[in-house]
Amino acid sequence: MLRSSARDGNGAGRAQTDPTTALVAVFAVVVSLSLYAVVFDGARPSEARALADPTLERVTSELTEDAVVDPAALDGTRGAAPDGYSLNVSLAVGERRWTVGPPVPTEWARAARRPGFDEAARRPSVRLRPGVVRPGRLRVAVWR
């Protein structure tokens, strides 16, 4: 004998839900999957890491004393490069130029955002001699 839990015998009242509740459930599942995909994509390691900005911060902290960059301290920035990367630090004030590190490969310097190459710059105040401070341009280039 076959039994059914429906009262009227045709099963019309079983397994039904309010359409609004079903739409809310589908929306919740879609939003959850979307958030998971976004977080997962952001957590993947990528080869094109931004290395120049943190390197520029390290270089600036090595060069700066009382918020003014000292060109004589430029040699102390050689160790600011990330492991396995080459670093070029250049400082320019007017016509004067100071550079530390290997020269930037010319084909990379012209290319915009080549893989394995990153650069950043800022405009610090530079002490040329006691009592003489001028605006300058500090630039770092990092490459593999």
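Atoms considered below: every heavy atom in the structure, side chains included; atoms not considered: hydrogens, waters and symmetry mates. Numbers here are sequence positions counted from 1.
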Novice: Can you tell if the side chain of Trp143 reaches within under 4.5 Å of the side chain of Pro102, non-hydrogen atoms only?
Specialist: yes
Novice: CZ/Arg122 to CZ/Arg137 distance, rounded to the nearest 0.5 angstrom?
Specialist: 12.0 Å
Novice: Can you name the side chain to side chain donor-acceptor pair (under 3.5 Å) partners of Thr64, sequence neighbours left out?
Specialist: none
Novice: Determine whether Leu128 and Val126 make a side-chain contact, defined as any pair of heavy atoms from C-beta on separated by less than 4.5 Å.
Specialist: yes
Novice: Go through it in stages, so that I can follow the logic: the residues are Asp75 and Val100, the test is side-chain contact (heavy atoms from CB on, under 4.5 Å), and I'd like the CA-CA distance, side-chain angles, deciding distance and then a yes or no.
Specialist: CA-CA 6 Å; Asp75 281 334; Val100 170; 3.8 Å; yes
Novice: Salt bridge or not between Glu62 and Arg78? Use side-chain N to carboxylate O under 4.0 Å.
Specialist: no
Novice: Do Asn88 and Val140 have side chains that get closer than 4.5 Å, going by heavy atoms?
Specialist: no
Novice: Verify the distance criterion only: is there a donor paired with an acceptor across the side chains of Arg58 and Thr55 at less than 3.5 Å?
Specialist: yes
Novice: Quick one: does Pro71's side chain get under 4.5 Å of Arg97's, heavy atoms only?
Specialist: no
Novice: Taking all heavy atoms of Asp118 and all of Leu51, pick out the closest pair and write down the distance.
Specialist: OD2-N, 2.9 Å
Novice: Is it possible for you to say whether Leu74 and Val133 belong to one hydrophobic cluster, with membership spreading through side-chain heavy-atom contacts below 4.5 Å?
Specialist: no
Novice: Any chain of hydrophobic side-chain contacts (each under 4.5 Å) joining Phe27 to Tyr36?
Specialist: no
Novice: With a 4.5 Å limit on heavy-atom distance, are the side chains of Pro124 and Thr60 in contact?
Specialist: no
Novice: With side chains defined as the heavy atoms from C-beta onward, is the minimum distance between Val132 and Pro130 less than 4.5 Å?
Specialist: no
Novice: I'd like to know if the side chain of Asp66 and the backbone of Val68 have a donor-acceptor N/O pair within less than 3.5 Å.
Specialist: no
Novice: Honestly curious: do Leu56 and Trp98 fall in one hydrophobic cluster under the side-chain, below-4.5 Å linking rule?
Specialist: yes
Novice: Can you find a heavy atom in the side chain of Thr99 that is under 4.5 Å from one in the side chain of Val89?
Specialist: no
Novice: Can you name the closest pair of heavy atoms from Val142 and Ala52 and give their distance?
Specialist: CG2-CA, 4.2 Å
Novice: So, do Arg96 and Arg134 sit near enough that their side-chain heavy atoms are less than 4.5 Å apart?
Specialist: no
Novice: To the nearest 0.5 Å, what is the distance between CD on Glu119 and CG on Leu87?
Specialist: 12.0 Å
